[in-house]
Protein chains: 2
Amino acid sequence: MQQTLTIGELAHRSGVAPSALRYYERLGLIRAGRTGGNQRRYDRAELRRVSFIRIAQQVGVSLEEIREALDGLPESRTPTKADWARLSSHWQAKLNDRIAFLERLRDDLTGCIGCGCLSLTACRLSNPDDELADDGPGPRRFPALS
Amino acid sequence: MQQTLTIGELAHRSGVAPSALRYYERLGLIRAGRTGGNQRRYDRAELRRVSFIRIAQQVGVSLEEIREALDGLPESRTPTKADWARLSSHWQAKLNDRIAFLERLRDDLTGCIGCGCLSLTACRLSNPDDELADDGPGPRRFPALS
DNA sequence: ACTTTACTTAAAGCCCACTTCAACTTGCAC
DNA sequence: GTGCAAGTTGAAGTGGGCTTTAAGTAAAGT
């Protein structure tokens, strides 16, 4: 018989509060079996899911997006190494995008200070994505990520 | 007389909705003069403030922290190049911290896949029993950049 | 002068990611 | 078999970051 965890144990091992775990379950991010007395019992594999959720959150991904990603895992069987590798490499791509974005931000900020224009609004940091040419320096929308 | 912007103009040029600009004003992030008829008129320098706010938000900083940072600007005069350079370099440090954090995350993720441990929970990626356990309610921002 | 668009306010609403509450039930330790 | 920590539920509350609404005023175009 497979070893299971109570909600308190999973909470302790994952660093996520029990209330958050119940919330995740309502959103369909994790699953739990039940005892005869209706208490949750988590397969140890859920620990990995919770870790994944927390990592994705740190990258700035919403729970809804995380749910969509986790939906890519097989439902019928415990995810294999290959399953997780696929998901994780997808997240590495997201991380790389985000890192590149922040680096661009940092470098542009440096340029703005260095060049003396000082107008954050006048550099490519704020890209005039529309009719800039009314009068004077233009409208500035920040470039959206991905 | 100094050229000013209506709230609609500032909204258009900054890409921030008028309601958000009024909200920022309530929080003390930006300031506005008034016409005889009580309408807001923004000094062009406010455009820079709004840009700064948006950039800081992209880095994952809360409005409260942004307000504290902006409080470092002189109230009596229009901020000089040096004023902005000081603020911006502080933000560059934040950016670097955040970039370093994400890189560590990315590299650890690679390691987890490569080594086959597959247990994200077994690496330093997930720090069980740690301080993140009780952050209180509210949307999770990015981890503190200190 | 008139019409239309833009602005004003306070208060309420919304979305996300949770937490807290109240009232109750399970299940492990002794 | 009893005591008590740990679990259960739905509903309501919290905090951040806004948007929407309603009712009214200002200013710009013709």
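Residue numbers start from 1 in every chain, and the chains themselves are labelled A, B, ... in the order their sequence lines are given, proteins ahead of strands. Values below: every heavy atom of this structure, side chains too, minus hydrogens, waters and symmetry copies.
OP1 or OP2 of D/dC18 has at least one side-chain nitrogen or oxygen of B/Arg54 nearer than 4.0 Å. At C/dA17, none of the side-chain N or O atoms of A/Tyr24 fall inside 4.0 Å of OP1 or OP2 (strictly under the cut-off). Phosphate contact (OP1/OP2 of D/dG7, side-chain N/O of A/Thr6, threshold under 4.0 Å): present.
In this structure, CZ of B/Arg26 is placed 8 Å from P of C/dA10, rounded to the nearest angstrom. Between the CZ atom of A/Arg67 and the C1' atom of C/dA17 there is a distance of 15 Å, given to the nearest Å. Between the OH atom of A/Tyr42 and the C1' atom of D/dG7 there is a distance of 11 Å, given to the nearest Å. Remark: C1' of C/dT19 and OH of A/Tyr23 are 11 Å apart, rounded to the nearest angstrom. One atom, CD of B/Glu9, and another, C1' of D/dA27, lie 12 Å apart when rounded to the nearest Å. The distance from atom CD of B/Glu64 to atom P of D/dG15 is 14 Å, rounded to the nearest whole Å. Rounded to whole angstrom, the span from the CD atom of A/Glu25 across to the C1' atom of D/dT9 amounts to 12 Å. To the nearest angstrom, P of D/dA6 lies 16 Å from CG of A/Leu21.
Note that the CZ atom of A/Arg22 and the CZ atom of A/Arg26 stand 10.0 Å from one another [nearest 0.5 Å].
When the C1' atoms of four end pairs are superposed on the next four at each end of the helix from C/dA1-D/dT30 to C/dC30-D/dG1, using five pairs per end, the two resulting axes differ in direction by 10°, to 10°.
Looking at A/Asp83 and A/Arg86, a side-chain N of the basic residue comes within less than 4.0 Å of a carboxylate O on the acidic one, giving a salt bridge. Remark: B/Asp43 does not engage B/Arg31 in a salt bridge, criterion side-chain N to carboxylate O under 4.0 Å.
The side chain of B/Arg22 lies closest to C/dT8 when the candidates are C/dT19, D/dG7, C/dT8. Residue A/Gln57 places its side chain closer to C/dA17 than to any other of C/dT20, C/dA17, D/dG17.
When side chains are defined from C-beta on, B/Trp91 does not count as touching A/Leu105, because their heavy atoms never get closer than 4.5 Å. Side-chain atoms of A/Ile53 and A/Leu70, non-hydrogen and from C-beta on, do get closer than 4.5 Å to each other. By the 4.5 Å heavy-atom criterion applied to side chains, B/Leu29 and B/Arg49 are not counted as neighbours.
Using a 4.0 Å cut-off on heavy atoms, the residues of residues 30-41 of chain A that approach DNA chain D are A/Arg34, A/Asn38, A/Gln39, A/Arg40, listed by number.
Side-chain contact of A/Glu65 with A/Ser62: a donor-acceptor pair under 3.5 Å is present, judged by distance alone. A/Arg54 and A/Gln57 form no side-chain donor-acceptor contact under 3.5 Å, judged by distance and modelled atom types alone.
Take A/Glu25 and apply the salt bridge (charged side-chain N to carboxylate O under 4.0 Å, His left out) test, not counting sequence neighbours, and it matches A/Arg34, A/Arg40.
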